[in-house]
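Taking it in order: structure first as C-alpha cells, then the write-up.
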Amino acid sequence: MQHEREPLLLPDLDAGQYLVDAMFKMGPTISTGMDEVAADWITIDAFARGTGRISEPWEFEALFEMCAAYFQGWRAGVEPLAMSPVEIALAASASESDQP
C-alpha cells in the first residue's frame with residue numbers, strides 16, 4: 001500500500017519546521033508486510049541515531065505523536081465520506097460564529 005509521503009500544503013513553522021522535515025525524511029509510516037502503520041519508537045530511534053537530526057527526548061516524543069497523527073489523518077482520508085482537517089476547522093469556526 002503506497003501513498004504520497006511528501007508534504008503538500010503544510011504551513012511553514014518557524015522553530016519546529018525541522019521536525020516536520022525529519023518526519024517526512026524518515027517516513028511517517030512503515031510497512032509491516034501486511035499493513036501500513038505509524039512509525040514506531042524503533043524506527044524513530046534508528047533514524048535519530050543514523051542521522052543526528054533529533055537528540056532530545058521531547059523531540060522523540062513529538063516525532064512519535066506527529067507520525068501517529070499523520071497516520072490517523074491518512075487512514076481517515078481513505079474513507080470516501082471523511083472530512084478533511086480544513087473542512088473540520090471551517091465547520092467548527094462556522095458553528096462558533098453561529099453562537100450568540
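With contacts defined as side-chain heavy-atom distances shorter than 4.5 Å, the pair V20/F24 qualifies. Using a 4.5 Å heavy-atom threshold, the side chains of M23 and C67 count as touching. Residues L63 and M26 have side chains in contact (heavy-atom distance under 4.5 Å, counting atoms from C-beta outward).
Listed by chain and residue number, R49 satisfy the salt bridge (Lys or Arg N to Asp or Glu O under 4.0 Å) test with D45 (two or more places apart in sequence, or in another chain). Partners of S55 under the side chain to side chain contact (heavy atoms under 4.5 Å, CB included) rule, at least two apart in sequence or in another chain, are E59.
The structure places CZ of F71 at 10.0 Å from CD1 of I30, a figure rounded to the nearest 0.5 Å. Atoms CG and CD, on L19 and Q17 in that order, are 9.5 Å from each other to the nearest 0.5 Å. Summarising the geometry, atom CD belonging to E61 is positioned 10.5 Å from atom CD1 belonging to I44; distances are rounded to the nearest 0.5 Å.
Each ring pair (Phe, Tyr, Trp, His ring centres under 6.0 Å) pair with one or both residues in residues 49-69, not counting sequence neighbours, appears once here: W41-F64.
Of all non-hydrogen atoms in A39 and G27, the two that sit nearest each other are CB-O, 3.8 Å.
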